[in-house]
Amino acid sequence: QVQLVESGGGLVQAGGSLRLSCAVSGSISSITAMGWYRQAPGKQRELVAPISGGNTNHTDSAKGRFTISRDNAKNTMYLQMNSLKPEDTAVYYCNAVSFRPGWGAVDYWGQGTQVTVSS
């Protein structure tokens, strides 16, 4: 089992920055890929940025403004968000993919953290 807890969301003005954190615990050694997703009201959940080894389908709007990183010593993944726009407003989710012998790839999700960008 893998547990993911996001934090760092909040309200920020357009053009500002936020850094989201994802604390990882559990069977960390089983994780094969990680990434950040977001979901706005009425829209599908979309990949924002992946860690190497995972999905590389970056969101066009976020690409170039958002940077994903991971600190293995702290068991934490980060999403640095710069030049935020109102359309970045969404619930942001931490995702981890692990290999399970009986099931193959299994997705784990955090509870989400709200990011609101005001115009």
Side-chain angles (χ1 to χ4, degrees):
Q1 298 293 317
V2 175
Q3 294 82 45
L4 308 171
V5 180
E6 302 96 333
S7 62
L11 176 64
V12 64
Q13 293 184 345
S17 299
L18 283 174
R19 189 180 74 164
L20 306 183
S21 299
C22 173
V24 186
S25 61
S27 300
I28 297 175
S29 62
S30 70
I31 297 174
T32 58
M34 295 188 69
W36 284 95
Y37 289 72
R38 68 184 180 187
Q39 186 169 24
K43 298 182 180 179
Q44 294 184 337
R45 187 172 299 184
E46 62 181 356
L47 177 67
V48 178
I51 287 287
S52 61
N55 199 318
T56 59
N57 186 25
H58 290 260
T59 300
D60 290 340
S61 178
K63 191 174 183 179
R65 299 184 295 116
F66 294 3
T67 302
I68 193 170
S69 62
R70 182 179 179 181
D71 187 336
N72 289 330
K74 297 181 179 179
N75 293 329
T76 303
M77 182 175 66
Y78 303 95
L79 182 66
Q80 179 66 48
M81 305 186 295
N82 299 323
S83 301
L84 284 164
K85 304 175 181 179
E87 54 262 42
D88 295 320
T89 296
V91 177
Y92 284 72
Y93 295 92
C94 179
N95 168 256
V97 180
S98 66
F99 178 79
R100 302 283 293 276
W103 291 92
V106 179
D107 282 312
Y108 294 90
W109 299 92
Q111 82 288 346
T113 184
Q114 177 71 49
V115 172
T116 303
V117 183
S118 62
S119 60

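Since the structure is predicted, the reported quantities are computational estimates derived from the model, not experimental observations.
Residues Val48 and Leu79 form a side-chain contact, since some pair of their non-hydrogen atoms from C-beta on lies under 4.5 Å apart. When side chains are defined from C-beta on, Leu84 counts as touching Phe66, because their heavy atoms get closer than 4.5 Å. Contact check for Gln114 versus Thr89: side-chain heavy atoms found under the 4.5 Å cut-off. Taking 4.5 Å as the limit, every side-chain heavy atom of Cys22 sits out of range of all side-chain heavy atoms of Thr76. The shortest side-chain heavy-atom distance between Leu47 and Trp36 does not fall under the 4.5 Å cut-off. The side-chain heavy atoms of Lys43 and Arg38, taken from C-beta on, include no pair separated by under 4.5 Å.
The side-chain tip of Arg19 points at the ring of Tyr78 from less than 6.0 angstrom away and within 45° of straight on.
A donor-acceptor contact shorter than 3.5 Å is absent between the side chain of Gln39 and the backbone of Gln44. For the pair Thr113 (side chain) and Ser7 (backbone), a donor-acceptor distance under 3.5 Å is absent. No donor-acceptor distance shorter than 3.5 angstrom exists from the side chain of Ser30 to the backbone of Ser98, with no hydrogens or angles considered.
The two residues Met34 and Cys94 make their nearest non-hydrogen contact at CE-SG, 3.9 Å. Scanning both residues, Gln111 and Leu4, for their nearest heavy atoms gives OE1-O, 3.8 Å. Nearest heavy-atom pair, Tyr93 versus Gly110, reported as atom, atom and distance to 0.1 Å: CD2-O, 3.6 Å. For the residue pair Met77 and Ser69, the shortest heavy atom distance occurs at CG-O, 3.2 Å. Summarising the geometry of Ser27 relative to Val2, their closest heavy-atom pair is O-CG2, 3.7 Å, with the distance given to 0.1 Å. Between Ser119 and Pro86, the shortest heavy-atom distance links the atoms CB-CG, 3.9 Å.
A donor-acceptor pair shorter than 3.5 Å can be found between the side chains of Gln3 and Ser25. Ser17 and Asn82 share a side-chain donor-acceptor pair at under 3.5 Å.
Thr67 pairs by the side chain to side chain donor-acceptor pair (under 3.5 Å) definition with nothing, not counting sequence neighbours. Asn75 pairs by the side chain to side chain donor-acceptor pair (under 3.5 Å) definition with nothing, not counting sequence neighbours.
Between Arg65 atom CZ and Ser83 atom OG the span is 7.0 Å, to the nearest 0.5 Å.
Applying the ring-ring contact (aromatic ring centres under 6.0 Å, His included) test to residues at least two apart or on different chains, the pairs with a partner in residues 100-119 are Tyr37-Trp109.
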Practice task
Go through the steps for Val24 and Ile31 under the test side-chain contact (heavy atoms from CB on, under 4.5 Å), then give the verdict.
Solution key: CA-CA 10 Å; Val24 186; Ile31 297 174; 3.7 Å; yes
